[in-house]
Protein chains: 2
Amino acid sequence: MTDERARTTVTQRAIDRVMEMITSGRLRAGERLPTERELAATLGLSRSSMREAIRALTVMGVLETRHGAGIYVTPLRPGDLLEGFGVLAEVARGEGLVDLLRLRRVVEPAATAMAAARISADALGLVREHLDAMAAREQVEDIVAADLAFHREIVAAAGSPAMSALLEGLSTRTFRARVWRAHRDEGVLPRTREEHERIYAALADRDPAAAHAAAAVHVAEVENWLRANLDEWD
Amino acid sequence: MTDERARTTVTQRAIDRVMEMITSGRLRAGERLPTERELAATLGLSRSSMREAIRALTVMGVLETRHGAGIYVTPLRPGDLLEGFGVLAEVARGEGLVDLLRLRRVVEPAATAMAAARISADALGLVREHLDAMAAREQVEDIVAADLAFHREIVAAAGSPAMSALLEGLSTRTFRARVWRAHRDEGVLPRTREEHERIYAALADRDPAAAHAAAAVHVAEVENWLRANLDEWD
DNA sequence: GATCCACGATTGGTCGGACCAGGGAAGGCC
DNA sequence: GGCCTTCCCTGGTCCGACCAATCGTGGATC
């Protein structure tokens, strides 16, 4: 029990040490850390290995480095920590993608419902703008951009950074572009537009239940499409 | 447009390059990558920087290194990619913690409902065992272990790796221990036990709606406790 | 001929030091 | 007093050497 885990790498131990400093409160959000060189000396490893540990904590969203200025602890907000997870949907394939969409079908309706209960008039106006932009544009890329902005605005109105960050990670531009292209080719764009309108209407009515249902229908639609087209994916 | 993003670090570019190799399908799940030295040479950077890029992709759950053997792409299952999630609840504080719990209140009931519809008799038996273990143990650490196992078993029965991984990340041993200790001191353990029993009963009845409600009540309970005790936290 | 083992080539892990590039504060110039 | 230069500190990159786990290979053994 003395030091059984010497089997792990020095870098991993450094990561754990810094994490422990943060969880224990010795390092607080926003605070600046010692120099790379100092940290390496203190924790007893080379600067190279220390840099790897710092890089790891950086992608985790725990630390943040500023060239020439120093290393800082991030504000540690859920958004910061979930930032690196935008990779998720990007690499998932086949059954894994379906699973991610299933998760989205659970979270997005809940977020939309929360938004319906507390969205401001200003935010609602922005949602309306994105909705109109979707209808006005021709290029798939533009439509997708408006689509993403539409959902992002709604989720943001829910007031849950964690849900925003999670859903952001579950949405990838390339995936959505593919879905839109397919929908266009299948001539079902009007139906998609109808779904979006229904979501907006529920928000405008400040009707959480209706918003929940409308969002669920919308995501389920995409999920079903993916399930039906899984074979020709990738 | 020639090479505008030379402003970023070489390591970041290497990360992007490897990610692109994966998303484009040139590197497939489980496949082995070239040597660190070869990769560095190919991408035109030093081995040190290349190692940092690899470390970053490792903590993201995209790559996996085996000392002496080589570097491999992970199976890229949602579970692999959400693994680093555990950090989240570990460092979150104050309002951020409440937000995470709010996310859990959305996801866990959904997973429990899905489990109710498809849980096997065997899995149900295990759930029962963990429930009994919770009641039988005295040490908070043991109770927490059984508590975690109880929820984990249920969520696993939902059959969604993404939800399992997410909820796993939202649950930390230290947080739960604190909650249990407080509940014990406040003498509300019987009520918690009752909530667990109700969840089990809904699963046994194969009643998704009841399971959803029971899980929601349970998580909301913890959320309310946290909200009430936020001031004395950390 | 099959099995086992020792050895060495391969590959990731660690180290130390040198040099480059961005930032920021001290101090001089106007 | 305000602006600008300068210099030092800090992260970013690179190199080359050595350590340690792995795995294939080929020879010894039965």
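Computed from a predicted structure; not experimentally measured.
Residue-to-nucleotide contacts include a donor-acceptor pair under 3.5 Å from the side chain of A/His67 to the base of D/dG11. Judged by distance alone with a 3.5 Å cut-off, a donor-acceptor contact links the side chain of A/Arg47 to the base of D/dG12. Judged by distance alone, with hydrogens and angles left aside, A/Arg37 brings no side-chain donor or acceptor close enough to the base of C/dG17 to form a pair under 3.5 Å.
Panel note: side chain A/Asp80, backbone A/Arg77; a donor-acceptor pair is recorded below 3.5 Å.
The residue among A/Ala69 and B/Arg32 whose nearest nucleotide of DNA chain C is located toward the 5' end is B/Arg32.
A/Arg66 comes within contact range of the sugar-phosphate backbone alone, with a heavy-atom separation under 4.0 Å but no base atom that close. The residue A/Ser48 sits close to a base: some heavy atom pair falls under 4.0 Å. In this structure, A/Ile54 reaches neither bases nor backbone, as no heavy-atom distance under 4.0 Å exists between it and the strands shown.
Regarding contacts with the backbone of C/dG13, a side-chain N or O of B/Arg51 is found under 4.0 angstrom from either OP1 or OP2. At D/dC9, none of the side-chain N or O atoms of A/Thr35 fall inside 4.0 Å of OP1 or OP2 (strictly under the cut-off). OP1 or OP2 of C/dG13 has not a single side-chain nitrogen or oxygen of A/Thr11 nearer than 4.0 Å.
Residues B/Glu108 and B/His151 bring a donor and an acceptor atom of their side chains to less than 3.5 Å of each other.
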